**Student:** 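Got a structure here, written out as structure tokens. Questions coming.
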Amino acid sequence: MTNNQIATVFEQIADLLEFQGANAFRVRAYRNAARVIGDSTESLDRVVDGSEDPVKELQAIEGIGKDLAEKIETLVRTGALPMLVELQAQVPASVLAILRVPGLGPKKAATLFKELHVQSLADLRKACDEHRVRELKGFGAKTEETILRGLETAETADKRLLWAVADERVQAIREHLQGVPGLVRLEPAGSYRRGRETIGDLDFLAVASDPNPAMDRLAAHPEVALVLARGETKMSVRLNEGLQVDLRVVPEDSFGAAWQYFTGSKDHNVVLRGMAKDRGLKINEWGVYRGEKKIAGATEEDVYATLDLPCFLPEIREARQEFEWAKQGALPRLLEVEDMVGDLHMHTTATDGTATIAEMIAAAQARGLKYIAITDHSKRVTMANGLNADRLVEHWDHIEAAAAKFKGITVLKGVECDILEAGGLDLDDDVLSAADWVVASVHYGQSQPRERITARILEALENPHVDAIAHPTGRLLNKRKAYEVDLEAVFDAAAKYGKFLELNANPQRLDLDDVACAAAKRRGIPIVISTDAHSVVGLGCMRYGVLQARRAGLTKEDVVNTRAWRDVKRLMDGS
DNA sequence: GCCGTTTTCGGCCCGACTGTTTTCAGTCG
């Protein structure tokens, strides 16, 4: 059982308990445990199997006490949890969908379930249409309308936006609000600012003498479908595509406190406020207070300084390791886009790319890269017109000829060699041995069982000619789940054979993800960040990969292609 | 359900906005 599966069980329990009106802090304990386990780089499976006293060892994890430790042990050993089974018997699974409707929380959902026997979204819609909801105590006509609107979004817009798409929306809205009278400053906050791979909604923070002009302008945005709420300082709108945008307007001397607060994460803020409380301080979005007296708030630096903390970069504000790093004075100096000097995974018109070799070289050089590897597909990827040995060798000749026309950039003869369904690689060793750079990847047989897929990748790692595994989990955000692979085993093998693992910078892939990257770093496995570009424009994806790497706490030293190519080669040779 | 150089019991972050209320509960972030 993977950490994510265990985390999912605890999330389900939290949902069900909340629905039943359990103590809110008990619910939070389950949610907190789910988050910590999901973020953990240590496989709990292994902890339980490899320990004399698993319960004691599990309790060392922050947020896991005796009770949850025992539940984890039960889950790992039996694959199930009696408590969850019991809860599921009491509450139909379909009921939980109701909790996802904006405007409905556990209390109202429970009332609907108890009084009107609403068990699904369809039941809920019917009850609203028949005006039975407005008759309930605590409900009314407006609540009924809110629920109907919420149903639309619950049914249609359940997907999170890719960060790269959110970035486009952010720029468009900033532009739209530019020049609003009295608007001094406008900054994005929330998970967008933290660089999460997907974004649920957009948060903007503004400094303005009068909030109304900015709110009016936002309401007039052509994509705004609905104003959900509007008060003195806060406004929420929904765009046509379903995305919610929040705008908060604060005075200048509260800007730092508010930016810190609305950037989150929620868990990071909970820790922060707990620390403040210990010192007799209170932090809210308006500032830091000792009693009635405000002692900070204009900048984020000021706010953190009241707790003797550094101003954490937004990407690591996740209540994972940042507070521990700060305590030890060992905050990593995060990687930056400017550190990247090479790109070791890209395609051309020889297979499924849209640009020629020369066009890719020129574009890479224009971006300031010192070296690139052309890594077109191998023959198994027929859909992409993959190369067999003869075509590959010929392609390499073309690469050499094209590269000769450029000065100041090294162009490597590479290949993205398929890891075949039955195991083994798509090209023979004598071909691969002639390449400057080989990435191996899984494209077929993605639904195979865990042992099988893992074995295929381990075998590829053993091959002396393979340099890196590309997009190691195969996921496509919002589209395809990662295939079943034992990443711990992959890390072990990569470490043993001195191989690299890729962080694919395509905004839809971004695997390894932040948690996995952090785990790889902990084992000293070098990460190579690659665009996997299929076009000239695709080379620009590097920044998305860098953002993900920053979330993992990676520094320039942790990433292979921040180094000169001759140093990368040295690393490949193990010297 | 977790946690502890103030605590093994009694805390657990904090405020804005809405709707259904005549003073506050529920939801959200």
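Given the structure is predicted, the values throughout are model-derived calculations rather than measurements. We name chains A, B, ... by the order of the sequence lines, and we start the count at 1 in each one. Reckoned from all heavy atoms, side chains included, excluding hydrogens, waters and symmetry mates.
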**Student:** Rounded to the nearest 0.5 Å, what separates atom CD in A:Glu187 from atom OH in A:Tyr192?
**Tutor:**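 If we round to the nearest 0.5 Å, A:Glu187:CD and A:Tyr192:OH are 10.0 Å apart.
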**Student:** Return yes if the base of B:dG29 and the side-chain atoms of A:Tyr261 contain a donor-acceptor N/O pair under 3.5 Å, otherwise no.
**Tutor:**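 A donor-acceptor contact between them is present.
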**Student:** Taking CG from A:Asp203 and P from B:dA16, how many angstroms apart are they, rounded to a whole number?
**Tutor:**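 My rounded result for the distance is 16 Å.
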**Student:** Whole angstroms only, please: what is the CZ-P distance between A:Arg248 and B:dC14?
**Tutor:**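 Rounded to the whole Å, the gap is 16 Å.
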**Student:** For B:dG15 and A:Asn284 - does any side-chain N or O of the residue sit under 4.0 Å from the phosphate oxygens OP1/OP2?
**Tutor:**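 It does, given that an N or O in the side chain of A:Asn284 lies less than 4.0 Å from OP1 or OP2 of B:dG15.
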**Student:** Using a cut-off of 4.0 Å on non-hydrogen atoms, how would the nucleic acid contact of A:Lys282 be classed: base, sugar-phosphate, or nothing?
**Tutor:**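 Sugar-phosphate, no base atom in range.
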**Student:** Check whether any side-chain heavy atom of A:Leu84 lies under 4.5 Å from a side-chain heavy atom of A:Leu75, and answer yes or no.
**Tutor:**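 With C-beta onward as the side chain, the pair stays apart.
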**Student:** Any base atoms under 4.0 Å from A:Asp201, or only sugar-phosphate, or nothing? Heavy atoms, all strands.
**Tutor:**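 If one applies the 4.0 Å heavy-atom cut-off, A:Asp201 turns out to touch the sugar-phosphate alone, with no base involved.
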**Student:** Tell me whether the side-chain N/O atoms of A:Thr143 come closer than 4.0 Å to OP1 or OP2 in B:dT20.
**Tutor:**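 Yes, within the criterion.
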**Student:** B:dG1, B:dC17, B:dC12: which one has an atom nearest the side-chain heavy atoms of A:Asp67?
**Tutor:**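 When the side chain of A:Asp67 is considered, B:dG1 is the closest of B:dG1, B:dC17, B:dC12.
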**Student:** Can you see if the side chain of A:Lys107 gets near the phosphate of B:dA25 - specifically, an N or O under 4.0 Å from OP1 or OP2?
**Tutor:**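 The answer is no; no side-chain N or O of A:Lys107 sits under 4.0 Å from OP1 or OP2.
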**Student:** Need the pair for B:dT8. Rule: Watson-Crick or G-U wobble, both distances under 3.5 Å, any strand; none if unpaired.
**Tutor:**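 Partner of B:dT8: none.
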**Student:** Could you tell me how the ring of A:His268 sits relative to the ring of A:Phe323: parallel (under 30°), tilted (30 to 60°) or perpendicular (over 60°)?
**Tutor:**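 Parallel, since the angle between the ring planes stays under 30°.
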**Student:** Using a heavy-atom cut-off of 4.0 Å across all strands, would you classify A:Ala257 as base, sugar-phosphate, or nothing?
**Tutor:**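 Counting heavy atoms under 4.0 Å across all strands, no contact is made by A:Ala257.
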**Student:** Can you measure A:Arg317 atom CZ to B:dG29 atom P for me and round it to whole angstrom units?
**Tutor:**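 These atoms are roughly 20 Å apart.
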**Student:** Would you indicate, yes or no, if B:dC13 has its OP1 or OP2 atom less than 4.0 angstrom from a side-chain nitrogen or oxygen of A:Arg28?
**Tutor:**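 Yes, because at least one side-chain N or O of A:Arg28 sits under 4.0 Å from OP1 or OP2 of B:dC13.
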**Student:** Applying a 4.0 Å non-hydrogen cut-off, can you work out what A:Ser236 is touching in the nucleic acid: base, sugar-phosphate, or nothing?
**Tutor:**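 Counting heavy atoms under 4.0 Å across all strands, no contact is made by A:Ser236.
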**Student:** Taking any heavy-atom pair under 4.0 Å as a contact, classify A:Leu272: base, sugar-phosphate, or nothing.
**Tutor:**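 Answer is nothing: A:Leu272 stays at 4.0 Å or more from every strand.
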**Student:** What contact category does A:Val101 fall into here, base, sugar-phosphate, or nothing, at under 4.0 angstrom with non-hydrogen atoms?
**Tutor:**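 Counting heavy atoms under 4.0 Å across all strands, the contact made by A:Val101 is with sugar-phosphate only.
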**Student:** Looking only at side-chain N and O atoms, does A:Ser191 come under 4.0 Å of OP1 or OP2 in B:dG29?
**Tutor:**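 Negative; the distance criterion is not met.
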